Amino acid sequence: MRVRFAPSPTGNLHIGGVRTALFNWLCARHYGGQFVLRIEDTDEKRFVPGAADDISVSLRWVGIDWDEGPDVGGPYGPYVQSERFELGIYQPFVEQLLTAGLAYMSFTTEEELAQMRAAAEAAGIKAFRFRGPERDWPLEQQRELAATGKPYTVRLKTPLEGETRFRDLIRGGDEIVVQNDQLQDIVLIKSTGMPVYHFAHLVDDYLMKITLVMRGEEWVPSTPYHVLLYDFFGWPRPLFAHLPAILRSDGKGKLSKRKDDVATQRFRERGYLPETMLNYLALQGWSYDGVTEIMTREELIARFTLERIQPSPARWNPEKLRDMNGIYIRKLTTDQLAERVLPFMQQAGLIGDPATATEQEYLLRLIPLIHERLEELQEAPELLEFFYRDVKPGETYNPTDLIPKKHDTAQTVAMLRAAWEALNNQADWTPPALETTLRGLCEQLSVKPGPLFGAIRVAVTGRSVAPPLFDTLAGVGRERALARLAAAIAALEQME
RNA sequence: GCCCCCAUCGUCUAGUGGCCUAGGACAUCACCCUUUCAAGGUGGAGAUCGCGGGUUCGAAUCCCGCUGGGGGCACCA
């Protein structure tokens, strides 16, 4: 089996593209075969420099590799269509079609076409299907006119009657049947001489011996043209598998690059793990047994089968993705998580770049405190900030946050004073020792842990939600903890 | 408008004629754990399988129609 992923470098690779690549890759790896990466850059107008790199980087990031492609080469190269065009690879096939009378030169210009469409619409004809007058001309007549220098495109001479049918692996049952009078004479070669997708991809798939064409379902309506072309050439048709669309989370339409934040690299920036993306994306249109969801790369390869790809569309679910990322983060060891969190800390300016040994050690010590609270790595700097930057009542937090529910300022001051006293006498600054001391203080003051610990938490972290208190105190350190407590007490006294 | 595809809890999905009083996951609610938040545990609510006709002893599962949703109709891919 030979499959391929053939994106066009018109922008950043979005998540839907990765899904298509993933399914192709999974197929090649599961069934045994080659996965080819081919860049389809025949649209000079929409070409975006750097987009091809973004494609490679994004695919490699999630762990997809290819057996043949622009950078790794292969027996059917080159793997970039513009280069193939330069080599004249498509030309003989155009000639073949022309000579056989299966395609023709069309001299109707884009402007004329636009006018015809407008006129058709004005006349109430909703479906404008173009077929050029030259389709009935002898080839010689077409060539003569072309020789005068008049620009032309090459169009497919689609049959006027009959029907075209093909099967789709994912929509297993009946054949998809299209009446030929519903087709039109699509452009195969632009007036610039550059082939259009419909032609170029097909020639390349043939030359590269692709046996299964797996792509997004938006291609179903144009598959009749492709099938016609295979038959015209007398080439064996590949198998077709059109993947279900991924719909936007609100259900309104397909996920789109323009409307949604779905550039693959954006997920990386937000702290999604590649293993999460691979796993989640595999579940966009495929399922294993309806129960098992968390699967490694190897398990996905072993379990992936074409039969279990859904025909119905998947819906993008950011919450589920987030949840799954949390699961994968919790699977990491402290060392692994620290390593992955480090760049985010550096970007937030909390840790230097390069990080010193001390900084690395400190981070390693703090990681366990946030490990199971993290769902996106980008949240780490925010959760850890108070370990790195001072907290000041009235500046980084509101002093009234110190006062627990059903307590007043005076009571809070008394509690914090007692806490400061107790901690100031504390020699052993480890979590268990701190716990013994503070629990003892609760009994001594006959207050519940909730209010006391809450007040201390706000004083030391500047927030009411933070990791467990004793670990936090130990992490912040004796001197800073006492100073923050003192500052909190002072701020409250000032309020009275 | 025309053509094509799709249709099970709010969402994703299991289900391929009887194992379905429809299973799992996310989200949601409650309780437990608990110093806050998470994580974890337990439990709840949530789907007359879009609607209407068939076929069959029997249908979520097969057939037809309707409706709804999605996609396509470029010298873009």
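Source: prediction; values computed, not measured. In what follows, every heavy atom counts, from backbone to side chain, and hydrogens, waters and symmetry copies are set aside. Protein chains get the first letters and strands the later ones, always in sequence-line order, with residue 1 at the start of each.
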Considering only distance and modelled atom types, tabulate donor-acceptor pairs under 3.5 Å from the side chains of residues 114-123 of chain A, sequence neighbours left out.
none

Can you give each donor-acceptor pair under 3.5 Å made by side-chain atoms of residues 466-473 of chain A, sequence neighbours left out, with the distance rounded to 0.1 Å?
{"from": "A:Thr472", "atom 1": "OG1", "to": "A:Pro467", "atom 2": "O", "distance (Å)": "3.1"}
{"from": "A:Thr472", "atom 1": "OG1", "to": "A:Pro468", "atom 2": "O", "distance (Å)": "2.7"}

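Under 4.0 Å is where a charged nitrogen must lie from a carboxylate oxygen, and between A:Asp43 and A:Arg46 at least one such pair does. A salt bridge between A:Arg171 and A:Glu217 is present, with a side-chain N of the basic residue lying under 4.0 Å from a carboxylate O of the acidic one.
B:C57: Watson-Crick or G-U partner is B:G18, with both key distances under 3.5 Å. Across all strands shown, B:U34 forms no Watson-Crick or G-U wobble pair with both key distances under 3.5 Å. Pair assignment for B:A25: B:U11, on the basis of Watson-Crick or G-U wobble contacts that are both within less than 3.5 Å. Taking a pair to require two hydrogen-bonding distances under 3.5 Å in either a Watson-Crick or a G-U wobble arrangement, B:C2 pairs with B:G72. Pair assignment for B:C51 gives B:G65, based on Watson-Crick or G-U wobble hydrogen-bonding distances that are each under 3.5 Å. Shown here, B:A45 forms no base pair; nothing in the strands shown gives a Watson-Crick or G-U wobble contact with both key distances under 3.5 Å.
Nucleotides of RNA chain B nearest to A:Gln184 and A:His198 differ in position, and the one nearer the 5' end is that of A:Gln184. Nucleotides of RNA chain B nearest to A:Ser287 and A:Arg330 differ in position, and the one nearer the 5' end is that of A:Ser287.
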Any protein N or O atoms within reach of nucleotides 22-24 of chain B? Criterion: under 3.5 Å, listing atom names and distances.
{"from": "B:G23", "atom 1": "N2", "to": "A:Gly290", "atom 2": "O", "distance (Å)": "3.0"}

Between the protein and nucleotides 46-52 of chain B, list the N/O to N/O atom pairs that are separated by less than 3.5 angstrom.
none

Might you list the N or O atoms of the protein lying below 3.5 Å from N or O atoms in nucleotides 30-36 of chain B, with each pair's distance?
{"from": "B:U35", "atom 1": "OP1", "to": "A:Arg439", "atom 2": "NH1", "distance (Å)": "3.1"}
{"from": "B:U35", "atom 1": "OP1", "to": "A:Arg439", "atom 2": "NH2", "distance (Å)": "2.9"}
{"from": "B:U35", "atom 1": "O2", "to": "A:Arg457", "atom 2": "NH2", "distance (Å)": "2.0"}
{"from": "B:U35", "atom 1": "N3", "to": "A:Leu469", "atom 2": "N", "distance (Å)": "3.3"}
{"from": "B:U36", "atom 1": "O4'", "to": "A:Arg457", "atom 2": "NH1", "distance (Å)": "3.4"}
{"from": "B:U36", "atom 1": "O2'", "to": "A:Ser464", "atom 2": "O", "distance (Å)": "3.3"}
{"from": "B:U36", "atom 1": "O2", "to": "A:Ala466", "atom 2": "N", "distance (Å)": "2.9"}
{"from": "B:U36", "atom 1": "O2", "to": "A:Ala466", "atom 2": "O", "distance (Å)": "2.9"}
{"from": "B:U36", "atom 1": "N3", "to": "A:Ala466", "atom 2": "O", "distance (Å)": "2.5"}
{"from": "B:U36", "atom 1": "O4", "to": "A:Pro468", "atom 2": "N", "distance (Å)": "3.0"}

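Separation of the A:Tyr280 and A:Trp316 ring centroids falls under the 6.0 Å cut-off. The ring of A:Tyr79 has its center no closer than 6.0 angstrom to the ring center of A:Trp66.
OP1 or OP2 of B:C76 lies within a sub-4.0 Å distance of a side-chain N or O belonging to A:Lys190. Distances shown here put every side-chain N or O of A:Ser8 at or beyond 4.0 Å from the OP1 or OP2 atom of B:C76.
For the contact set between residues 150-160 of chain A and RNA chain B, defined by any heavy atom under 4.0 Å, the members are A:Thr153, A:Arg155.
More than 12 heavy-atom neighbours from other residues, nucleotides or ligands sit within 6.0 angstrom of CD on A:Glu44.
Residues forming a salt bridge (charged side-chain N to carboxylate O under 4.0 Å, His left out) with A:Arg131 (at least two apart in sequence, or on another chain): A:Asp185. With sequence neighbours left out, A:His198 forms a side chain to side chain donor-acceptor pair (under 3.5 Å) with A:His226. Residues passing the salt bridge (charged side-chain N to carboxylate O under 4.0 Å, His left out) test with A:Asp260, sequence neighbours excluded: A:Arg248. With sequence neighbours excluded, no residue satisfies salt bridge (charged side-chain N to carboxylate O under 4.0 Å, His left out) with A:Glu134. Here A:Gln426 pairs with A:Thr437 under the side chain to side chain donor-acceptor pair (under 3.5 Å) rule; sequence neighbours left out.
Taking atom P in both B:G44 and B:U61, the straight-line distance is 28 Å, to the nearest Å. As rounded to the nearest Å, B:C31 and B:G68 have P atoms that lie 43 Å from one another. Atom C1' of B:A7 sits at a distance of 12 Å from the matching atom of B:C51, rounded to the whole Å. The same atom, P, is picked in B:A25 and in B:A14; the two are 15 Å apart, to the nearest Å. Across B:A60 and B:G23, the matching P atoms stand 14 Å from one another, rounded to whole Å. Comparing the P positions of B:A45 and B:U56 gives an interatomic distance of 39 Å, to the nearest angstrom. For the C1' atoms, the distance linking B:C57 with B:G65 amounts to 26 Å, nearest Å. Separating the P atom of B:C12 from that of B:G70 is a span of 13 Å, rounded to the nearest Å.
Counting to the nearest Å, the P atom of B:A74 and the CD atom of A:Glu111 are 16 Å from each other. As a whole-Å value, the separation of A:His201 NE2 from B:A77 P is 12 Å. Look at CD on A:Glu375: it is 11 Å from P on B:C26, rounded to the nearest Å. Per the geometry, CG belonging to A:Leu13 stands 14 Å off C1' belonging to B:A77, to the nearest Å. In this structure, the CG atom of A:Asp168 is 16 Å from the P atom of B:G72, given to the nearest Å.
Residue A:Lys254 is classed as a sugar-phosphate contact, given heavy-atom separations below 4.0 Å to backbone atoms only. No engagement by A:Arg248 is indicated, since no non-hydrogen atom pair under 4.0 Å with the nucleic acid exists. Here A:Thr461 lies out of heavy-atom contact (under 4.0 Å) with every strand. Heavy atoms of A:Gly216 sit nowhere under 4.0 angstrom from any nucleic acid atom. Within 4.0 Å of A:Thr109, counting heavy atoms only, lies at least one base atom of the nucleic acid. A:Arg215 comes within 4.0 angstrom of nothing in the nucleic acid, heavy atoms only.
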* Asked: A:Trp286 and A:Phe304: ring-ring contact (aromatic ring centres under 6.0 Å, His included), yes or no, with the steps?
  -> CA-CA 8 Å; A:Trp286 175 83; A:Phe304 186 85; 5.5 Å; yes
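In the set B:C75, B:G72, B:A77, the nucleotide with an atom closest to the side chain of A:Leu113 is B:C75.
For A:Asp289 and A:Thr292, the side-chain atoms include at least one donor-acceptor pair closer than 3.5 Å.
When every heavy atom of A:Val460 is checked against every heavy atom of A:Arg484, the shortest pair comes out as O-NH1, 2.7 Å.
No side-chain donor-acceptor contact under 3.5 Å links A:Asn24 to the backbone of A:Val3. A donor-acceptor pair is defined here as one N or O able to donate and one able to accept, closer than 3.5 Å; no such pair exists between the side chain of A:Asn12 and the backbone of A:Asp54.
Cation-pi contact between A:Arg303 and A:Tyr288: present, with separation from the ring centre below 6.0 Å and deviation from the ring axis of at most 45°.
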* Structure fact -> Heavy-atom contacts, protein to nucleotides 3-10 of chain B, under 4.0 Å, summarised as B (base), S (sugar-phosphate only) or - (none) per nt, yield SSSSS---
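Below 30°, between 30° and 60°, or above 60°: for A:Tyr272 and A:Phe267 the angle between ring planes is above 60°, a perpendicular geometry.
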